[in-house]
S.K.: 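Handing you a structure now.
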Amino acid sequence: MLIRQSEEIPSSEITPKEDYINRRRFIGSAGAAGLALSAGLLSTREAFASTKLQTVKSALTTTGEDLTSYKDVTSYNNFYEFGTGKSEPAIYAKDLPTRPWTLKIDGKVKKPLTFDIDTLLKLRPLEERVYRHRCVEAWSMVIPWIGYSLSELIKLCEPLSTAKYVQFLSWYDKKYMHWPGQTSINWPYSEGLRMDEAMHPLTLLTFGLYGEVLPNQNGAPLRLTVPWKYGFKSAKSIVAIRFLDHQPPTTWNDLAPDEYGFYSNVNPNVDHPRWTQKTERRIGLPFYQQKRTTLFLNGYADQVGSLYAGMDLKKNF
Ligand code: MTE
């Protein structure tokens, strides 16, 4: 994004669908991981990193496109808490302490709630949803995420009529920073959505990908996925959700308001001041096959277009 980014894309093969389907037959080993834990065989982090998640099919899944390989999804990341290079999160986020983990929900709600991550995981059936993932840097992937609609959680808190926006705050601990002094980011990472965007069923509270719990570098143990927006709207490793009567400050908008708007809907008609948003590179494909046309609202216009009816999306970029 704003910071240096010109690394070579690691090119690896797309995971054959059969391989992926076979891997998913191994679901339901959470109990086994728990046993190993109590037997003292695995550390807490190792136990959860090997946990498969039981999922149900979702009507909200995107079909027809090849998945980006597990390797590319988990080794080409943006997670600035753990470095600016695409490969750094996979190395340094190993230190992210994902258990115990608490999510605090407060602000303009009737019922402020606090959840332990393992309670949250069991709150609703976990769905597998394949979504297109489009970064503002003009690269994209196709990822089988696991989670349930954020709206399911929001309903439990009974938001007040004054709740117009939702803010998401990421975990942050200075002692885990691997590049102190090189950032003007005001931590913790903050993102926000308008209430109707947060309530849209496509907005996914995400616990896993490719049949397993989220790898740390992808935002373990809990992140957001908002498939019609640029990737930076999807905060990783969330510890707090706040309901507000005003638009919250958000990390990239704070840093460069002319480059990153609050809405940040994927929009091929509004270029970034320094590059085009009309096309994107699909990560993992051979170089000559990478380039493709970016779709308005990342291809989700039929589902979410009405949220922006009458709005000037060039002004509200
Ligand atoms: N969340 C936090 N806490 N810190 C970050 O640096 N990067 C964002 C978003 N969420 C980021 C974050 C950006 S710029 C993108 S493109 C996506 O995460 C990347 O998600 P991925 O690495 O799983 O592809």
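Numbers for residues simply follow the sequence, beginning at 1. Indexing begins at 1, ligand by ligand and atom by atom, following the structure's order.
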S.K.: Quick check: does N218 get an N/O under 3.5 Å from an N/O on ligand 1?
M.R.: yes

S.K.: Is the shortest distance from a Lys or Arg side-chain nitrogen in K229 or E191 to a carboxylate oxygen in the other one below 4.0 Å?
M.R.: no

S.K.: Does R132 make a cation-pi contact with Y300, if we ask for NZ or CZ under 6.0 Å from the ring centre and within 45° of the axis?
M.R.: yes

S.K.: Indicate yes or no: does E81 engage K236 in a salt bridge with an N to O separation below 4.0 Å.
M.R.: no

S.K.: At under 4.0 Å between heavy atoms, is it the side chain or the backbone of H133 that contacts ligand 1, or both, or neither?
M.R.: side chain

S.K.: Using the rule given for ring-ring contact (aromatic ring centres under 6.0 Å, His included), can you reason through Y92 versus Y176, listing the C-alpha separation, both sets of side-chain angles and the distance that settles it, and then say yes or no?
M.R.: CA-CA 8 Å; Y92 298 119; Y176 289 85; over 10 Å; no

S.K.: Regarding ligand 1, does R223 bring an N or O atom to under 3.5 Å of one of the ligand's N or O atoms?
M.R.: yes

S.K.: Do you see a donor-acceptor pair shorter than 3.5 Å between the side chains of E127 and S58?
M.R.: yes

S.K.: Enumerate the atoms of ligand 1 whose separation from the nearest heavy atom of C135 is less than 4.0 angstrom.
M.R.: 16 (S)

S.K.: Applying a heavy-atom cut-off of 4.0 Å, say which part of F232 lies close to ligand 1: side chain, backbone, both or neither.
M.R.: both

S.K.: For atom 9 (C) of ligand 1, which candidate among P215, S190, A235, S234 provides the closest heavy atom?
M.R.: S234

S.K.: For E81, is at least one N or O under 3.5 Å away from an N or O on ligand 1?
M.R.: yes

S.K.: Ignoring angles and geometry beyond distance, decide whether N77 reaches within less than 3.5 Å of ligand 1 through its nitrogen or oxygen atoms.
M.R.: yes

S.K.: Is the Lys NZ or Arg CZ of K233 less than 6.0 Å from the centre of Y263's six-membered ring, within 45° of the axis?
M.R.: no

